2 protein chains.
Amino acid sequence: MQDQRSRKKTRITSLDIAHRAGVSQATVSRVLAGSPLVNAETRRRVEQAVRELNYKVDRHASSLRTQRAGTLALLLFEDPTQDDSHINPFFLSMLGSITRACARHGHDLLVSFQQLSDDWHADYEDSMKADGLILLGYGDYLAYESKLARLVEQGTHFVRWGQVEQGQPGISIGCDNLAGGALAGRHLVERGRRRVAFLGDASSRFPEFFARYQGCDAALREAGLAMLPELQVDADSTEQAGVDAANALLARGLPFDAVFAASDLIAIGAMHALKQAGLRIPEDVAVVGFDGTSMACYANPPLTTVVQDTSKAGELLVQTLLQLVREQPAQSVMLQPVLEVRASSGG
Amino acid sequence: MQDQRSRKKTRITSLDIAHRAGVSQATVSRVLAGSPLVNAETRRRVEQAVRELNYKVDRHASSLRTQRAGTLALLLFEDPTQDDSHINPFFLSMLGSITRACARHGHDLLVSFQQLSDDWHADYEDSMKADGLILLGYGDYLAYESKLARLVEQGTHFVRWGQVEQGQPGISIGCDNLAGGALAGRHLVERGRRRVAFLGDASSRFPEFFARYQGCDAALREAGLAMLPELQVDADSTEQAGVDAANALLARGLPFDAVFAASDLIAIGAMHALKQAGLRIPEDVAVVGFDGTSMACYANPPLTTVVQDTSKAGELLVQTLLQLVREQPAQSVMLQPVLEVRASSGG
DNA sequence: CTGAAAGCGCTTACAG
DNA sequence: CTGAAAGCGCTTACAG
């Protein structure tokens, strides 16, 4: 009666349950799979035995038989940063929401950090570890794209988080970065800013950042202004890169009254450097970030930022991937960001 | 020859490799398991076939046979915070290092967010999804402890991150919080501070925070001072809790010249509130945090903090858990923290 | 509604 | 050093 207390020497199998409930092992399996073809009373007996012996279906046996893993894999790409303490908080927030979305959909989540250069391809799906892949992370898109094409060719189920564009291999879920950039640009124009610097790569290698830049430019043009190439400085998404980019911008000696940073991390690093240089935020320079990470709220001054809804994004990524796994039609989607105005741009 | 290009209609099995290499399926398995009992030439032929067909061992079949999953599970506990964007950056940094440590040891990592109240227990190991569990997160330790005891009773393999103390159920890896608190206390004393407030729970329900408090107190006593209970305010590890705790402290109207926060998040929130109240940091109040998250460095002013080495912690957690899984002896370990001095305490 | 049986793709004694 | 065979614990047609 208390045998579940024995220090798991012998695994409890569906056969044990079958004996205890006085049915066949097949019936036990049916009950646990929720088959409707089981008598209510039989079901009750089996469920009781399952509870009493604390039985859990063996995932490997089940997966081997059904050829489905019930697991998704999240591959997080990071470029150079090997330092654990500097993982991009935006991606970590995504990780949280993806984890929860997986749980809601009854799937487990394998998490793995990858170098973009690695030879990962469809390893997870090939070895049946996961039914599909979620790809997340920045990195040179040009290098990335050929890998995506390869995944498509192999028939791997995957969804990518990133800039959504025509003709991309596979399916992408992403923020409408063009709209997000426009939100930032329009806001700065309204606040009377005319010379907006952009900190972040603005090339097709980094399509998300590029779209933010272009969106901001479009908004300025509506007002008869424009982004100035001489006020753009490359930066990847780290605080240190933000510091460096702001310093490089200052070194150029050109006037500017606003900074639109491609990410919150860049913005926070930039604010640090700008204040160091004796500039007042927002009086001398208005600063707007992107992502809506929690640190924006506690930055000094609190950072105006374009917020991406990571909860919705995670749910959509998982949902879309599961559609692909089930061979159902699915499509790329862009999520609309929202501007959160705080003191860094004049409140 | 190019059949690997076919959109994975039929799975490639070890039998396919066997045919192609002209050996038995058992030999293929031996080669892939790295068995030394294989002729070099035979091994070469098999490896070539594996490469040509891009074969990957089916993890479920393998695990079913060996009764080992090759996977560890990370259970992250969060208390109230359901909001993805507010996941504790310290734990996320740990997640990064654990992921990497798993990869180094050839294991996959399942990640799951749990409520402390949930009925998780040994579910992962019972269903063979994981060989062992890593438990990470804050929460009321008293509620936690009985669950740990239950895991031990069930013979589940697990390692917990947290305060290391005598007589705890199972094995724990943690920071030497007492030493960390002493580092902070000694530093503040050296800077001439006499009335140190503590923001964070300081009870046996939160043993990590409590040990930090006690360590700081011990350091003050070495200098003929002491922590004052009236300068302690409860707070869990969020920025908002830091804001609230600092405001509560200010409302008491008692003098204090330093704040030791139980975590960086609390410290950053507290600095926010203190500045709001017109206090200068560090002139009026020195602030020291705990964790060594990357945001400490870019806080305003940059935050002095007790740094925990998350890389080492992740490696040790994984290593220790794998020892348990292999039924090898293992023991609890405390890691020594390091003080990183920045401007918030006078530089 | 239920049971007997096949088989998912491996690993590993066992025999040679 | 290699092969034939058993069996890990399920799920699911098939037959009743």
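None of the values given here were measured: they were computed from a predicted structure. Quick note on labels: first sequence line is chain A, next is B, and so on, each numbered from 1.
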Exercise. Centroid-to-centroid, Phe77(A) to Phe113(A), below 6.0 Å?
Worked result: no

Problem set entry | Residues Thr71(A) and Arg59(A): side-chain donor-acceptor under 3.5 angstrom | yes

Exercise. Can you find a donor-acceptor pair, distance only, under 3.5 Å between Arg59(B) side chain and dG9(C) base?
Worked result: no

Seminar exercise, completed: Leu32(B) CG to dG9(C) P, in whole Å, measures 16 Å

For this session: To the nearest Å, give me how far apart NE2 (His60(B)) and C1' (dG9(C)) are.
Result: 11 Å

Exercise. Think Thr27(B) has a side-chain N or O under 4.0 angstrom from the OP1 or OP2 of dT2(D)?
Worked result: no

For this session: Describe the nucleic acid contact of Gln67(B) in one word from base, sugar-phosphate, nothing, applying a heavy-atom distance below 4.0 Å.
Result: sugar-phosphate

For this session: Report the base-pairing partner of dA4(D) (Watson-Crick or G-U wobble, both distances below 3.5 angstrom), or none.
Result: none

Seminar exercise, completed: From CD1 of Ile12(B) across to P of dC10(C) the rounded distance in Å is 11 Å

Seminar exercise, completed: Taken to the nearest whole Å, CG/Leu15(B) to P/dC8(C) is 10 Å

Exercise. For dA13(C), which nucleotide is its Watson-Crick or G-U wobble mate, given both distances must be under 3.5 Å?
Worked result: none

Exercise. Which is true for Ser63(A) with a 4.0 Å heavy-atom rule: it touches a base, it touches only sugar-phosphate, or it touches nothing?
Worked result: nothing

Exercise. For Tyr55(A) and dG9(D), is the shortest distance between a side-chain N/O and OP1 or OP2 below 4.0 Å?
Worked result: no

Exercise. Can Ser172(A) and Arg160(A) be counted as having a side-chain donor-acceptor contact under 3.5 angstrom?
Worked result: yes

Exercise. Between dG3(D), dG7(C), dT2(C), which one does the side chain of Thr42(A) approach most closely?
Worked result: dT2(C)

Exercise. What nucleic acid atoms does Ser29(A) come within less than 4.0 Å of, heavy atoms only: base, sugar-phosphate, or nothing?
Worked result: base

Exercise. When you check the phosphate oxygens OP1 and OP2 of dT11(D), does a side-chain N or O of Thr66(A) lie under 4.0 Å from one of them?
Worked result: no

For this session: Output yes when at least one side-chain N/O atom of Ser62(A) is less than 4.0 Å from OP1 or OP2 of dT11(D), else no.
Result: yes

Seminar exercise, completed: From the list Val46(A), Val38(A), Val23(A), Thr42(A), side-chain contact (heavy atoms from CB on, under 4.5 Å) with Arg30(A) holds only for Val38(A)

